[in-house]
Amino acid sequence: MSANTVPETSFEADARSIHSDGEHVTPGVIAIGVVIGRTSEFFDFFVYAIASVLVFPTLVFPYVDRLQGTLYSFAVFALAFFARPIGTVIFIAVDRAYGRSVKLTISIFLLGTSTVAMGFIPSYDSVGNWSVAILALLRIGQGIALGGAWDGLASLLSLNSPEKHRGWYAMLPQLGAPIGLLVASGLFAFFVAALPTEDFFSWGWRYPFFVAFAINVVALFARLRLVVTPEFEEMYAKRELEPAPVVETVQSQWKAIWLGSFVPLASFALFHMVTVFPLSWVVLFTREAPARFLVVEVIGAVIGIGAMLVSGLLADRFGRRTMLGTIAVLIALFAIAAPSLLDGGEIGERLFMGIGFLLFGLSFGQSSGAIASSLSPQHRYTGSALTTDLAWLFGAGFAPLAALLLTSKLGLAASGAYLFSGAVFTLIALGLNKQLAKRDIAR
C-alpha cells in the first residue's frame, strides 16, 4: 500500500462493510460510477447556469436592466470557479486525514445542499441585498464542494482500461456533461412552457434545484460503492492515486499543472459558448421563446453525446494529442463563423448549435485524457485535481460573462474572438506539453 494511505476510520469501515459485495472492479464498473457522479455534478452546474439567465436577473437583480442583471448573475456564476481550488486544498487534507469516502460524503452533501438551498432564495424585493449575498455564498459553496468531489475515478478508469481503448474510456466520464445539460434543460423547458410567467417566477423555477439533492444522493452511493472496496483501494495504491500534499505537488509539478490547465481551454470555452451564452443571447436580443431554445439545447446535448462516443473511437485510432489538436483547429474555424451563424435567423441559429455541439462532443470527450498522463505517478491524484480546477477557471469561469459583455459592447464578432483565443491557447499548450506527446499511446 502507498505510504499516503490513511488509517481506516469508523466511517470508512462502515462504508466498506455496506458496499463491499465481492464484485470484480472492471473498467466497465468504474465507468458506470464515473458517469453517474459526473452527471450529478453537471446537473447542479447547469441548473444554476440556466437560472442565471432566466431567473436571477429578475429575482435577485431587479434594480438594474435585464442585460446588467444577467451580467451580475454571470459574475456570481464565476465565483464557484475561484472557490473550486480552495475546495481542493481543503478536501485533499480531509482525504489524507480521514479517507476518501469521508471526503466524498462531505463534499457531495455540501454540493447538493448548496444547490437545493438556491431553490429557497428569497427575492431582492423581500430581503434586499441579502438576496445577492445568499446567492453568492451558495455559489461559493458549490465551488468548494466541486473541488472536494474529485475522486480520481476518471484517472483510474483511463489507467486501468485496455491500452488500445484508452481514448474510449477517457471519453466516458465526460458523458456526464451533456447528460446533465439534457436533464436540466428539459426540466426548465417543461416549467417555462407549462406555467404562466407569474407562477414560474414564484415557484416553478425552484423545482429543478430540488431535484439536485436526490441526484446527488444517488451519485454518492454509486461512487462510495466503488471507492471503499478493498480491490479498489488496492488499485488506487498500485496506480499511486493517493492524495499527496498540495504544496509539495505544486512545487514538484507546477509546469505540468500549468500546461495541463491550458490543454482543454478550447473545449471548455466552447462548452459555455454553446450552452450558457447562446441562451443569454436569445433571451436578451431576440424574440424567441426561452422554452423553445431550451428544447434546442436538449437536442444539442443528444448531438454532443453522439459526438463524444465518436471521439473515443477516433482517439484510439489517431491518438489523443492529434485528436485534441485537430479539433482545436476546427474550433478556431468555427469561432470565425459562429457570430454570423448565431445572428443568422432560425436556420443560422440551428447550424450554430448543431456544429457547436458536434465540436464540443469531439473535443470535450477527450479533454480529461490530457491531464493525468502528464503528471508524475506519486502526484497524479492531487495534480489532476488542481489541473482540472485551473482548466475550468481559465476556460469556463469567465466565458459567459466575457462573451456577453464583449457582445453587448462590440457585437457578436467579439464573442467569436474570445472562442478563437481559447483554441489558440490549446494549440500552444499541446505543442509545449512534451510529456503528453511522449505518452500519447496511439500516436
Side-chain angles (χ1 to χ4, degrees), residues 27-51 80 104 108 111-112 115-116 142 145-146 149-151 153-154 157-158 167-191 207-223 225-226 264 267-268 270-276 278-279 293-313 315 353-354 356-369 388 392 395-396:
V29 172
I30 300 173
I32 293 172
V34 172
V35 172
I36 293 174
R38 295 296 179 268
T39 297
S40 71
E41 294 171 13
F42 280 108
F43 176 81
D44 289 14
F45 174 92
F46 280 118
V47 291
Y48 178 87
I50 294 171
L104 281 177
I108 293 177
L111 177 60
T115 304
V116 171
Q142 281 187 320
L146 284 170
W150 174 262
D151 52 18
L153 286 173
L157 175 62
S158 177
W168 175 263
Y169 282 98
M171 169 274 302
L172 292 175
Q174 307 302 82
L175 288 172
I179 295 173
L181 172 63
L182 189 154
V183 178
S185 296
L187 280 172
F188 270 102
F190 172 77
F191 285 108
Y207 277 85
F209 286 88
F210 300 157
V211 171
F213 195 82
I215 293 178
N216 277 274
V217 169
V218 173
L220 173 61
F221 278 92
R223 292 158 84 173
R225 185 172 178 273
L226 291 174
S267 177
F268 286 8
L270 182 61
F271 178 90
H272 284 314
M273 293 300 289
V274 297
T275 56
V276 184
L279 179 61
F293 189 80
L294 286 169
V295 172
V296 173
E297 289 207 329
V298 170
I299 297 172
V302 174
I303 295 173
I305 291 172
M308 283 188 185
L309 296 174
V310 172
S311 78
L313 300 175
M353 295 297 287
F357 269 101
L358 177 65
L359 293 175
F360 161 71
L362 292 173
S363 60
F364 196 74
Q366 294 302 310
S367 61
S368 69
T388 301
W392 279 110

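All values below come from the heavy atoms of this structure, side chains included, with hydrogens, waters and symmetry mates left out.
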Rounded to the nearest 0.5 Å, what separates atom [atom1] in [X] from atom [atom2] in [Y]?
X: Leu182; Y: Ile299; atom1: CG; atom2: CD1; answer: 10.0 Å
X: Ile305; Y: Met171; atom1: CD1; atom2: CE; answer: 11.0 Å
X: Leu359; Y: Ser311; atom1: CG; atom2: OG; answer: 12.0 Å

Please give me the minimum heavy-atom distance between [X] and [Y], naming the atom from each residue.
X: Phe268; Y: Phe271; answer: O-CB, 3.1 Å
X: Val276; Y: Ala49; answer: CG2-CB, 3.6 Å
X: Ala307; Y: Gly361; answer: CB-CA, 3.7 Å
X: Phe46; Y: Ala177; answer: CE1-O, 3.5 Å
X: Ala219; Y: Ile36; answer: CA-CG2, 3.7 Å

Backbone N or O of Asn216 within a donor-acceptor pair of the Ser40 side chain at under 3.5 Å? no
Short side-chain to backbone donor-acceptor contact, Ser363 and Phe360, under 3.5 Å: yes
Flag side-chain contact, heavy atom, 4.5 Å: [X] against [Y]:
X: Leu187; Y: Tyr207; answer: no
X: Arg38; Y: Gln174; answer: no
X: Leu172; Y: Val34; answer: no
X: Val217; Y: Phe221; answer: yes
X: Pro278; Y: Phe293; answer: yes
X: Phe209; Y: Val116; answer: no
X: Trp168; Y: Leu309; answer: yes

I would like to know whether Phe188 and Val47 meet side chain to side chain contact (heavy atoms under 4.5 Å, CB included); could you show each step before the answer? CA-CA 8 Å; Phe188 270 102; Val47 291; 4.1 Å; yes
Does the side chain of Gln142 come under 3.5 Å of the side chain of Thr115 through a donor N or O and an acceptor N or O? yes
As a test of understanding, state which of Phe43, Phe45, Phe42, Phe357 forms a side-chain contact (heavy atoms from CB on, under 4.5 Å) with Leu181. Phe357
